[in-house]
Amino acid sequence: MISAYTGTQIRTVEQRLLDSSLGTGVGAVLMQRAAYGLANAVVREVQARGGRLYGASVTVLAGKGNNGGDGLFAAAMLARRGMRTTAVLTAGEAHPEGLAAFEAAGGRVLRLTSENVAVAAAAAAGAGVVIDAVLGTGAQGGLRGPAAALMDALIEAPGHTHPGLVVACDIPSGVDADTGVAHAPVLGADITVTFGAAKAGLLADPGADFAGRVQIIPIGIEAALPEPALRRFEAEDLTELLPHPGRRSHKYSRGVLGVVAGSQRYPGAAVLACRGALASGVGMVRYLGPPDVADLVRRSCPEVVCDAGSVADAHVQAWLLGPGLDDQAHEQLARVRDAAATGLPVVADAGALPALPRALAPQFVLTPHAGELAGLLARYGAERGRPEVEDATLAAARRAGELTGATVLLKGATTLVAAPSGTVFSQAEATPWLATAGSGDVLAGVLGSLLAQLAENSGAFAAHGIPGADRWAAIAALAASVHGRAGSRASRGGPVTASDVATSVREVMTKV
């Protein structure tokens, strides 16, 4: 599992070390470890791309703070490996010791002013490697003045003059380490080499758009870190946490999922939701809905038990409510209200939201996309348009969890799952091709299936440091990871349909 922290948390730990009786010289040690890790990351990436070190050009964009110091010390190490190094001092001044080490290694220094932005941009754009070390985790807002003009010039540079490799030092300049908010201009990195631990802003959109591949460099503060601000499951976590039936398991012990989905207008949503649920291992699916939709479900998924009865007559461990419902599906919306009143774990897709009570509980998992989340927040008096949600996804998901009392899964390029406690998970295994009609219905089916199977298995999550009240968010994150991996597997780099994704869910469940 990847644990991510806010920049504030990291700086607090570092300051505690500096202030302790053992803190003499700690700051310099931490910086050297960071610089060494950054330099080695650059070396490995250049070599992995088939490049030569000796004679290759590196330009470090160095701010005046510790982030710039990390970059300058790393560039000095690269200079000693035979690379041609230039430092653009974006504030005209720099970390004294880092600058001295860089100059001693033979590096060239260019002090940025409003008059030489074009010269500096040409130097950076023509470099094989650019290290962005302007703003660190403590920066408020984005780049200004000549530094902003320089970054704009690099962003707009045509492909043949764009840097060959962009490496962000700790975090891309302009990305908020705590929230992931991106203050333009931000130069997108191929790799972000981050120190001590991942930063929350690197694993939430839009910050993740600019981070590229994130590489974590231990620097010696890890044992002192507090509870993470954000978590991300990896493949080995799925292997341990996804359900596996025992020798004496039966269909009821493996979980029964009730599904209220589909309408005259969107009958296929019910089929896709049921297919997602079946592929992810639930023991039984009970579908409640209109006869014509039920007939379509039977033909597509003969394993599903279908009827037009009431919620009270359906014995299940969890409910999936809402895929494919519209405001004319009155009988289905009545079933949504009845299912929500049972107190069982619930997946509520957007179609179910109007029929849900205002006060919810953590075992209710809402699954909006950004536009739907904006509408949900407005329902609770927190007006935000879709652009505002997309510009601050982490804050929006957390706020929704806080206001509703429910677990909120915000769908997107990076899927965020926020528990009402403030715990957040982030998953990003999906391909962009997964943005296709019906994909969310499959995700809802996977999530409902896992809720039915794992609702009582709080011990497994506790063993991973996840409190019982947050296990609903953890289950939702598992579902998002399975769904994203299934989409990538089905796509193989090309277009994919929701039906393809549902088929690939089974492969992910068995091979992860």
Side-chain angles (χ1 to χ4, degrees), residues 257-263 266 269-270 272-274 276-277 280 282 285-289 311 314 316-327 329-380 389 396-397 399-412 415-420 425 438-452 454-455 471-480 483:
L257 176 66
V259 176
V260 178
S263 61
Y266 304 114
L272 292 168
C274 289
S280 44
V282 72
V285 175
R286 294 185 181 273
Y287 173 76
L288 301 182
V311 164
V316 302
Q317 277 74 54
W319 285 100
L320 165 55
L321 311 175
L325 300 192
D326 57 27
D327 55 8
H330 303 298
E331 188 176 13
Q332 287 290 68
L333 290 172
R335 290 188 177 106
V336 167
R337 284 188 284 271
D338 291 342
T342 64
L344 292 171
V346 165
V347 181
D349 199 49
L353 296 181
L356 295 181
R358 186 175 178 85
L360 300 172
Q363 72 267 24
F364 281 76
V365 185
L366 313 182
T367 62
H369 58 57
E372 292 161 347
L373 184 60
L376 179 66
L377 289 169
R379 180 184 178 195
Y380 287 82
V389 170
R399 184 64 173 148
E402 175 187 319
L403 289 172
T404 63
T407 299
V408 177
L409 183 155
L410 175 56
K411 294 180 284 195
T415 293
L416 297 179
V417 185
F425 292 84
S439 173
D441 302 323
V442 176
L443 169 60
V446 173
L447 176 48
S449 168
L450 294 184
L451 281 179
L454 296 173
R471 73 184 185 278
W472 312 108
I475 293 170
L478 289 176
H483 180 251

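Note: hydrogens, waters and symmetry copies are ignored here, and every other heavy atom, side chains too, is used.
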Side chains of Y266 and L272, heavy atoms from C-beta outward: is any pair under 4.5 Å?
no
Scanning both residues in full, the closest heavy-atom pair of V260 with P323 reads O-CD, 4.1 Å
Evaluate side-chain contact (heavy atoms from CB on, under 4.5 Å) for L366 paired with L356, printing each intermediate quantity in order.
CA-CA 10 Å; L366 313 182; L356 295 181; 3.8 Å; yes
With heavy-atom distances below 4.5 Å as the criterion, would you say the side chains of L443 and T367 are in contact?
no
If you compare all heavy atoms of P368 against all heavy atoms of L373, which two are closest, and at what distance to 0.1 Å?
CB-N, 3.6 Å
To the closest 0.5 Å, what do you measure between CD (Q332) and CG (L321)?
9.5 Å
Distance (rounded to the nearest 0.5 Å) between L377 CG and R399 CZ
8.0 Å
Please confirm whether the backbone N or O of G324 pairs with a side-chain atom of S263, one donor and one acceptor, at under 3.5 Å?
yes
Measure the spacing between CZ of R335 and CH2 of W319 and express it to the nearest 0.5 Å.
9.0 Å
Passes side-chain contact (heavy atoms from CB on, under 4.5 Å), L454 versus L478? Steps please.
CA-CA 11 Å; L454 296 173; L478 289 176; 4.1 Å; yes
Using atom types as modelled and distance alone, determine if a side-chain donor or acceptor of Q363 lies under 3.5 Å from a backbone N or O of W472.
no
Measuring from T407:OG1 to L360:CG, what's the distance to the nearest 0.5 Å?
10.0 Å
Between D326 (side chain only) and A329 (backbone N and O only), is there a donor and an acceptor less than 3.5 Å apart?
yes
Distance in Å, E331 CD paired with L325 CG, rounded so as to fall on 0.5 Å steps:
11.5 Å
Which heavy atom of Y287 sits nearest to which heavy atom of A270, and what is that distance?
CE1-CB, 3.8 Å
Counting only N and O atoms by type, is there a donor-acceptor contact under 3.5 Å from the side chain of H483 to the main-chain atoms of S439?
yes
Please check: side-chain N/O of R379 versus main-chain N/O of P354, any donor-acceptor pairing under 3.5 Å?
no
Of all the heavy-atom pairs spanning Q317 and P345, show the shortest one and how long it is.
O-CD, 3.3 Å
If you define the side chain from C-beta out and look only at heavy atoms, does anything of F364 sit under 4.5 Å from T404?
no
Tell me, do V365 and I475 make a side-chain contact under 4.5 Å, heavy atoms counted?
no
Which atom pair, heavy atoms only, marks the closest approach of D349 to D441?
OD2-OD1, 4.1 Å
Considering non-hydrogen atoms only, spot the tightest contact between V285 and V282 and give its length.
CG2-CG1, 3.6 Å
Roughly how far apart are R286 CZ and L320 CG, rounded to 0.5 Å?
15.5 Å
Residue pairs fulfilling side-chain hydrogen bond (donor to acceptor under 3.5 Å, both in side chains) with at least one residue in residues 442-452, sequence neighbours excluded:
S280-S449, S449-Q453
